[in-house]
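Scroll down for the structure; my scribbles are underneath it.
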Amino acid sequence: EDQVTQSPEALRLQEGESSSLNCSYTVSGLRGLFWYRQDPGKGPEFLFTLYSAGEEKEKERLKATLTKKESFLHITAPKPEDSATYLCAVQGNGRGSTLGRLYFGRGTQLTVWP
Amino acid sequence: ETGVTQSPTHLIKTRGQQVTLRCSSQSGHNTVSWYQQALGQGPQFIFQYYREEENGRGNFPPRFSGLQFPNYSSELNVNALELDDSALYLCASSWGRRQSIGNEQFFGPGTRLTVL
């Protein structure tokens with residue numbers, strides 16, 4: 001079965017201190033890897049989709065990269081408003097499972113303090 | 001463009017009761033997926049509806065059932081509620097064709113269900 005492991009579980013950064021979140025995955029034929037941001041008690045907010053190894057996407061202070069086994073979410077000079085849980089999910093090619101089904105990791109809870 | 005909406009926001013039920021949660025998909029989307037998110041966990045796939053038909057199911061018992069309507073809105077029904085059903089229930093909509101559903105899923109705000 002497709003699996004996703006995220007690390008670390010929690011990360012505390014001082015404002016301006018850059019870092020990376022890791023998402024390791026096992027999937028039978030990657031259709032897409034997705035990053036979401038989730039604030040407490042809210043639904044996940046879509047950030048990026050990556051489809052193939054070597055691909056990179058950027059949005060403001062966030063940059064997502066993808067290899068054949070893992071993805072990284074790089075946060076450059078974070079601000080307190082970047083505090084949230086960041087979720088990684090993969091979508092496989094559907095062999096023995098549902099096309100379009102997302103397998104999520106447990107997330108990394110990021111706290112950025114001033 | 002209207003985003004994904006869900007109702008109600010919060011719900012409190014007792015064991016053994018039944019509940020119906022509702023979701024309106026984003027304009028232009030034809031696929032709805034439902035997820036259960038327990039505290040501190042990632043969302044877990046319940047099932048997906050594509051053009052009014054169930055298009056796959058996760059590891060959830062038959063007391064979890066659903067519907068999709070012609071306007072692509074959807075309902076999640078849970079019978080015989082158990083304490084472990086307490087969670088945030090998320091609806092996600094996307095656009096796709098049956099053999100190639102692989103587009104981004106956009107989530108609603110969720111319904112917080114508490115079972116006492």
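In what follows, chains carry the letters A, B, and so on, assigned in the order in which the sequence lines appear, proteins first and then strands, with residues in each chain numbered from 1.
Below 4.5 Å, heavy atoms of chain B meet heavy atoms from G41(A), K42(A), G43(A), P44(A), F46(A), all part of residues 41-48 of chain A.
Of all non-hydrogen atoms in L87(A) and G42(B), the two that sit nearest each other are CD2-CA, 4.5 Å. Heavy atoms only, all atoms of each residue included: Y51(A) and E104(B) are closest at OH-OE2, 3.6 Å. R101(A) and R57(B) make their closest contact through NH1-O, 4.2 Å (heavy atoms, listed as atom of the first residue, atom of the second, distance).
Considering CD of Q37(B) and CZ of F104(A), their distance stands at 8.0 Å, rounded to 0.5 Å.
Placement of L21(B) and L90(B) in two distinct hydrophobic clusters is found when ILVMFWY residues are connected by side-chain heavy-atom separations under 4.5 Å, directly or transitively. Criterion: ILVMFWY side-chain heavy atoms under 4.5 Å apart, direct or through other members. Under it, L66(A) and F72(A) are not part of a common hydrophobic cluster. Residue L102(A) is grouped with residue F45(B) when hydrophobic side chains (ILVMFWY) are merged at heavy-atom distances under 4.5 angstrom, including chains of intermediate members. Criterion: ILVMFWY side-chain heavy atoms under 4.5 Å apart, direct or through other members. Under it, Y25(A) and W35(A) are part of a common hydrophobic cluster. Note on L50(A): it clusters hydrophobically with V90(A), by side-chain heavy-atom contacts below 4.5 Å among ILVMFWY residues.
In this structure, Q109(A) places its CD atom where only 12 or fewer heavy-atom neighbours from other residues, nucleotides or ligands lie under 6.0 Å away. Under a cut-off of 6.0 angstrom, the local environment of CG in L116(B) is crowded, with over 12 non-hydrogen atoms contributed by other residues, nucleotides or ligands. Atom CD of E9(A) has 12 or fewer neighbouring heavy atoms from other residues, nucleotides or ligands inside a 6.0 Å radius. Counted within 6.0 Å of CZ on R15(B), heavy atoms from surrounding residues, nucleotides or ligands total 12 or fewer; the atom is thus considered open.
Heavy atoms of Y35(B) lying under 4.5 Å from chain A belong exclusively to its side chain. Heavy atoms closer than 4.5 Å to chain A are found nowhere in Q6(B), neither backbone nor side chain. Looking at Q38(A), only its side chain comes within 4.5 Å of chain B, counting heavy atoms on both sides.
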